[in-house]
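Worksheet for the structure shown next.
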Amino acid sequence: MCGIFAYLGEKTNAGELILQGLTSLEYRGYDSWGVAIKKENSKLHVEKHPGKIGEATFPPFTASSGIGHTRWATHGGVTAANAHPHVSCNDEVVLVHNGIVENFEELKQNLQKAGHHFKSETDSEVIAHLLEEEMKNETDLKEVVLRVFRMLTGMSAIIVFFPGTNQFFAIKNGSPLVYSGTQSEQILASDAVALIPYTNNVFFLPDYELLEMNPHGARLYDETGTEKSLKTVTLEIDKSQVEKGAFAHFMIKEIHEQAAIVKQLTKKTDQIQNLATAIQKSNRFYFVGCGSAYYAALCGEYLFSKIAKIHANSSFGSEFSYHLDFIDNTSTVMAVSQSGETIDIISGLQKAREKGAHIMALVNVLGSTLYRTADSSFLLGAGPEKAVCSTKAFVAQITAIFLLAHTMAHTVDKGTKDLFNAAREITSILEREKSIQELAEKIVKSKNIFVLGRGISYPGALESALKIKEVCYIHAEGFAGGELKHGVIALIEKGTPVIIYNPEDETYEDSLSSAYEVKARGAYVIGISSKPNPVFDAYIEVKNCGEATIIPNVVIAQLLGYYLALAKNLDPDKPRNLAKSVTVK
Ligand code: F6R
């Protein structure tokens with residue numbers, strides 16, 4: 001969701017650098033943007049615009065400090081006035097905010113009574129005015145920020161820029177803030193990805209601690225204002241991972257990275273063994289995720305049961321709080337999340353923790369909230385995922401869960417062999433990418449696309465439909481094949497594309513029957529199987545890799561979604577209305 005980038009350093013084109021920083025965060029999804037810089041020997045300059053940064057350039061002012069923000073609207077529409085930064089009445093406080101100030105209405109009324117004039121409809125703007133108000137009573141700016149932050153309810157991350165003294169203060173109790181400092185420049189951002197072009201040594205700000213960044217360096221304080229030491233970590237990410245390179249879009253680049261990610265994960269068996277040991281000590285096991293990560297969790301239910309003979313329940317993050325009755329201190333709850341910041345998961349997990357459950361996190365982002373706060377964390381290591389829709393993180397999640405199931409079953413060798421076969425099949429599908437592009441061009445005018453699967457191919461069908469609809473806006477639905485006759489079949493019309501997952505497992509014959517049933521109603525049947533069949537109008541071969549066949553199968557839907565988006569002239573990296581990391585409820 002919202003992105004933040006603040007710069008303080010020797011370079012004199014701060015406006016341009018901040019725009020570049022914000023561009024590197026565009027993948028998070030946003031609908032307006034703004035930048036405030038302190039012009040040399042002059043006043044503050046603020047630019048705010050609805051829409052995307054696009055080809056925008058920054059006026060060539062000489063400036064060595066400033067702050068920018070990309071906003072994903074919650075309180076107040078998409079307008080220039082509602083975009084951040086927000087500036088206090090006296091122009092001395094510049095503020096950017098991620099999150100929600102739940103008590104903003106009450107705070108705003110009091111501030112208005114005290115004579116403050118509001119320029120936006122946002123909850124965030126109250127913070128700038130509160131800071132100005134508090135500065136009337138307190139000269140120590142760190143005290144001012146700490147006091148104001150205590151007045152806010154809800155989860156927030158703020159960076160305050162005092163242009164008069166060139167000081168920045170960052171504090172949070174939710175979404176991440178990351179700092180990096182070299183001899184010549186310092187940066188504060190909402191996402192480590194924005195820091196990679198500068199340095200790999202970063203500091204993830206813990207909740208309620210205050211970071212001050214000024215021209216002499218950075219200082220860290222605890223919530224009482226006592227100074228403490230600041231220890232950086234080194235990110236194992238190189239610049240090529242945050243750039244598109246030779247690919248047209250991040251989505252296709254990330255699809256192409258998947259075979260290597262699957263193989264790489266098979267080397268992490270020691271860390272997976274630690275998770276297995278903790279799970280085997282517990283009485284009940286739950287997976288929790290949202291969107292694609294939820295579908296990976298649902299795959300986990302099938303894999304745990306079939307391979308490890310362990311019962312697992314999976315829940316959407318947003319529904320998990322309604323399932324808490326059976327959670328106790330003998331339960332383990334595993335959060336499955338690319339970003340590690342999804343608020344629906346975090347809030348559900350907080351309640352499970354209060355009931356004594358062991359919390360595990362399967363995440364892709366080092367330093368993320370779930371990574372830091374879980375009792376045991378596993379880093380997927382898929383590298384930064386910059387397309388809004390999840391591809392490689394989903395594949396990494398299934399791969400890790402698959403290995404976990406085999407670890408608990410003491411069949412890691414068999415699991416590893418299946419995964420290597422799955423990686424080989426991904427490569428083989430990518431060699432046939434052109435045929436999937438042609439298929440996309442053939443079905444691009446369809447109003448609906450359906451995907452059918454049974455067993456583990458059912459969550460695979462759900463994920464495939466999500467991948468298609470979110471990037472090309474064609475209505476797509478995944479169904480359990482056995483549900484056809486219970487209503488779904490009413491949706492089939494002449495020419496409706498129906499993708500049938502037909503792997504060589506216990507679902508083979510029944511899935512084939514579903515293919516015949518939809519074909520009899522005029523469907524255009526796209527069969528994904530190791531064996532061709534006359535019922536298929538289009539056939540995509542995927543060789544059998546045991547339960548791991550789900551992985552290459554889903555890659556086909558990723559490619560189909562990508563090429564459908566291209567056929568409709570849409571940008572697959574930035575689907576409308578979607579944000580990469582969903583940090584508000
Ligand atoms: C779909 C997609 C979303 C995310 C979901 C969870 O392509 O990207 O459905 O999977 O928002 O996000 P994380 O995994 O960051 O918790």
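In what follows, residues are counted from 1 in the order of the sequence shown. Counting convention: from 1, in listed order, for ligands and their atoms alike.
If you number the atoms of ligand 1 from 1 as listed, the ones under 4.0 Å from a heavy atom of Ala293 come out as 10 (O), 14 (O). If you number the atoms of ligand 1 from 1 as listed, the ones under 4.0 Å from a heavy atom of Lys467 come out as 1 (C), 7 (O). Within ligand 1, counting atoms from 1 as listed, the ones closer than 4.0 Å to a heavy atom of Ser337 are 13 (P), 14 (O), 15 (O), 16 (O). Those atoms of ligand 1 with a heavy atom of Thr342 less than 4.0 angstrom away are 12 (O), 13 (P), 15 (O), 16 (O). Taking a cut-off of under 4.0 Å to the non-hydrogen atoms of Glu470, the atoms of ligand 1 that pass are 1 (C), 7 (O).
Residue contacts with ligand 1 for Val388 involve N, CA, C or O but no side-chain atom from C-beta outward (heavy atoms, distance under 4.0 Å).
The heavy atom nearest to atom 9 (O) of ligand 1, considering only Ala387, Gly289, Pro575, Gly291, is found in Gly291.
Because its NZ or CZ atom is not both nearer than 6.0 Å to the ring centre of Tyr473 and within 45° of the ring axis, Lys568 does not count as a cation-pi partner of that residue.
Electrostatic pairing of Lys442 and Glu438 does not count as a salt bridge here, judged by no charged N lying under 4.0 Å from a carboxylate O.
Ligand 1 lies out of reach of Glu341, whose nearest heavy atom is not under 4.0 Å from it.
Protein heavy atom in closest approach to atom 6 (C) of ligand 1: Cys290 O, 3.2 Å. The protein heavy atom nearest to atom 14 (O) of ligand 1 is Gln338 N, 2.6 Å. For atom 10 (O) of ligand 1, the closest non-hydrogen atom on the protein side is Ser292 N, 3.2 Å. Of the protein's non-hydrogen atoms, Val582 CG2, 4.2 Å is the one closest to atom 11 (O) of ligand 1. In terms of protein heavy-atom proximity, atom 8 (O) of ligand 1 is closest to Ser390 N, 3.2 Å. At the shortest separation from atom 15 (O) of ligand 1 among protein heavy atoms lies Ser339 OG, 2.6 Å.
Remark: the Glu433 side chain and the His256 side chain contain an N/O donor-acceptor pair separated by less than 3.5 Å.
Classified by interplanar angle (parallel below 30°, tilted 30° to 60°, perpendicular above 60°), the ring pair His249/Tyr562 is perpendicular. In this structure, Phe479 and Phe450 have tilted ring planes: the angle between them lies in the 30° to 60° band. Ring planes of His69 and His84: parallel class, angle under 30° (limits at 30 and 60°).
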Next on the checklist: With side chain to side chain donor-acceptor pair (under 3.5 Å) as the criterion, how do Ser331 and Asp328 come out once you've worked through the C-alpha distance, each side chain's angles and the decisive distance to 0.1 Å?
Outcome noted: CA-CA 6 Å; Ser331 315; Asp328 60 21; 3.3 Å; yes

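Contacts of Ser190 classified as side chain to side chain donor-acceptor pair (under 3.5 Å), with partners at least two apart in sequence or in another chain: none.
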When the side chains of residues 391-400 are checked against the rest of the protein, which donor-acceptor pairs come out under 3.5 Å, sequence neighbours left out?
residue, atom, partner, partner atom, Å
Lys392, NZ, Glu257, OE1, 2.7
Lys392, NZ, Ala382, O, 2.9
Lys392, NZ, Pro384, O, 2.9
Thr399, OG1, Val395, O, 2.6

